[in-house]
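One structure is given below, encoded as structure tokens.
The analysis underlying the following values was restricted to heavy atoms, covering all of them including side chains, and did not include hydrogens, waters or symmetry mates. Letters A, B, ... mirror the listed sequences (proteins, then strands); counts begin at 1.
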There are 2 protein chains.
Amino acid sequence: MAKQHPASPEARSAGATIYSVADHAGVSIATVSRVLQGATVVAEATRQKVLTAVEELGYVPTGAARSLAVRHHEAHGLVLPELSGPYYAELLMGFEARAAELAQSVVLVLTNSRTDMAAAVRQLATRVDAIAVFGSAAIPADLVRLLRAKKPVVVIAGEPQDGIEAVAAENLESARELAGHVLDHGRRRALFVGDPDSGPDIRNRYDGYLAAHRDRGLDAAEPVLARLSEADGTAFAQRLLAGEHEADALMCANDELALSIMTTLQDAGRDVPGDIAIVGWDDVMTARYVRPGLTTVRQPVHELGALAADRLHELVGGEPPRTYAQMLPTRLVVRTSCGCLPVT
Amino acid sequence: MAKQHPASPEARSAGATIYSVADHAGVSIATVSRVLQGATVVAEATRQKVLTAVEELGYVPTGAARSLAVRHHEAHGLVLPELSGPYYAELLMGFEARAAELAQSVVLVLTNSRTDMAAAVRQLATRVDAIAVFGSAAIPADLVRLLRAKKPVVVIAGEPQDGIEAVAAENLESARELAGHVLDHGRRRALFVGDPDSGPDIRNRYDGYLAAHRDRGLDAAEPVLARLSEADGTAFAQRLLAGEHEADALMCANDELALSIMTTLQDAGRDVPGDIAIVGWDDVMTARYVRPGLTTVRQPVHELGALAADRLHELVGGEPPRTYAQMLPTRLVVRTSCGCLPVT
DNA sequence: CTGTTAGCGCTTTCAG
DNA sequence: CTGAAAGCGCTAACAG
């Protein structure tokens, strides 16, 4: 008879352990472990006995014990600022899906809901093998670096940093293309709405806007600072209506901004794109529902999330971190808010 | 001098453990544990020594070891079907935020990306103290029940089941109110679009639609079956345009359906709400951007997520499960797609 | 093919 | 206020 687990004299169903299962099946814990991990070969009869015991006791293994023994958590951490809008949700879905394929759990941390994010991230590091942080999650760079010394880290759409692997969607060239498209409709007073200093993503979009002007020997205006929110969009639209700005085209840092601006302008009687062309970035669902349809850029967000999970896994596996940021291509989605004619 | 940890003769920074920290600080591991948990009182000098050692070694505790020792994971599991659309994202945000307040990590499982969700859920049970499952996550009821025998479970917006705690948003009364509102605009051929059998949520909305008719001595039509997707909405709109259905009002099971139907109809020249009134459910962002604005119902999704996390925590704390489902109130959002005049 | 036996790294009495 | 020691439940050699 197998040795009785010293700490659980009676095998209460509520706290079935590998010991109670072994007892119940009349085998050793090693055997139980074997059939549950399916690694080594076990006699079919034995195997059945164990499975039956597991079933009868409703045994649920304690993950922590396994993690301790195998010396890794089999889990990836993901740090995102929040989840409003389709962007982060899509990213998360991509991440989760790939993590699932790799048999990794995902533990999620949303920094906007935290008062002490440093603590949250430290705590996270405690229970995962590797961590992906979204660039604008605004985690202190030194925290990231500290972490990096302990666990693999990849930054998604963030500032490239020494020794920290990065993945991102392409911004500059598509922004250049988008801005060029608008300019080629004959618009000459295009404004960029958004804050280039809020992160590399927006910075690159603005740079693309600049480049498109430069390509055509045109002068580009200073960016109109705005955060990526409906509120800031509405506020800007109001100022535009009040005559504080003059423009025949607006290149907005993202769709939310573009959409709120467009609606506010339309409600005030302005014609889009007649009076003013408007383009955004992200291709959110609303973009194809508004009239005119919003011309924008679609990012491979899902793939970006998957890529992050992938890299995490490889890094955990011992692969050396890549020194260059991996860029995923984006795609221009032309509808009619840019001045193109409807295709009916 | 503190005892040397048998298994780690040298304290490599990469694998700092509580032993290396203790060594480095010249104290026992018990003391290190104490200052890190902040429970018992430790002499300030000792405390500092330990903190310094932690800092110098870049010590990151192993969560699994703690979990094993304290006998719980300090983590909540959340099972959702997916994350597209604002509904689940919002739910998740509410859940995460409250879990964070309760110092619980959240590990997420998305069932739509899984081939073997039973395995996924089992695996999840392995690393969390309690699990919240979204009703339509389509987890076999017996799986839920099995789980429930081992770990606290709460079902969000799902079928009420014996002994399993449930939380949900109110549907029936607000559906009745919404349908009544439409009928009171004089519409007499209102159709319900959605599948009442797809879950209690939709079922209750349909029941509310029925009740509103009954209240007025009107006959209600059979529901038009459709899944909650843009594709199904478009398809239905097409059939409507082809004359397969006749209606002067549409009560859609959710906003995505309503929106796609509305747009398709409008693109074909139909006037909304002139020819046909349309209302949805959820109040997604797009609902306030389309013209006419979509009349819909706003659910307290964030709160629902928070509530689930709350209940999980209490259940883990030993509180007995509530026998009745907790309902959160919803709110009718009247815009103009229902036939109301714009308020300008 | 199966059982024994060390740990995995941390918490927590129990002494002192 | 601090240290010693006994586990927490599981995996993985190592024998047999």
*Where the side chain of A:A69 is concerned, which of C:dC14, C:dC10, D:dT11 is the nearest nucleotide?*
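Looking only at heavy atoms from C-beta outward on A:A69, the closest nucleotide is D:dT11.
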
Please state how far atom [atom1] in [X] lies from atom [atom2] in [N], giving the value in whole angstrom units.
| X | N | atom1 | atom2 | answer |
| --- | --- | --- | --- | --- |
| A:I18 | D:dT11 | CD1 | P | 5 Å |
| A:Y19 | D:dG9 | OH | C1' | 7 Å |
| A:L36 | C:dT2 | CG | P | 15 Å |
| B:I29 | D:dG3 | CD1 | P | 11 Å |
| B:K49 | D:dT2 | NZ | P | 8 Å |
| A:R66 | D:dC10 | CZ | P | 11 Å |
| B:D23 | D:dA4 | CG | P | 11 Å |
| A:H73 | C:dC10 | NE2 | C1' | 12 Å |

_Taking the nucleotide of DNA chain D with the nearest heavy atom to each, does A:A64 or B:R47 sit closer to the 5' end?_
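Taking each residue's closest nucleotide, the earlier one in sequence belongs to B:R47.
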
_Both A:T62 and B:V42 contact DNA chain D. Taking the nearest nucleotide for each, which residue is further toward the 5' end?_
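The residue whose closest nucleotide sits nearer the 5' end is B:V42.
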
Compare side-chain N and O positions of [X] against OP1 and OP2 of [N] and report whether any pair is under 4.0 Å apart.
| X | N | answer |
| --- | --- | --- |
| A:T17 | D:dG9 | no |
| A:S28 | C:dT4 | no |
| B:S33 | C:dT11 | yes |

*Ignoring hydrogens and angles, does a donor from either the side chain of A:R71 or the base of C:dG7 sit under 3.5 Å from an acceptor on the other?*
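Donor-acceptor pair under 3.5 Å: no.
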
*Between the main-chain N or O of A:V316 and the side-chain N or O of A:D129, is there a donor-acceptor pair closer than 3.5 Å?*
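No.
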
*asked:* At 4.0 Å (heavy atoms only), tell me whether B:A30 reaches a base, stays on the sugar-phosphate, or touches nothing.
replied: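 Here B:A30 touches the bases of the nucleic acid.
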
*asked:* I'd like to know whether the aromatic ring centres of B:F134 and B:Y87 sit less than 6.0 Å apart in this structure.
replied: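 They qualify: ring centres under 6.0 Å apart.
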
*Are B:E96 and A:R114 close enough for a salt bridge, meaning some N to O gap below 4.0 Å?*
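Counted as a salt bridge, because a side-chain N and a carboxylate O are separated by less than 4.0 Å.
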
_Here's a test of your reading of the structure: between B:Q37 and A:L68, which maps to the more 5' nucleotide of DNA chain C?_
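The 5'-side residue here is A:L68.
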
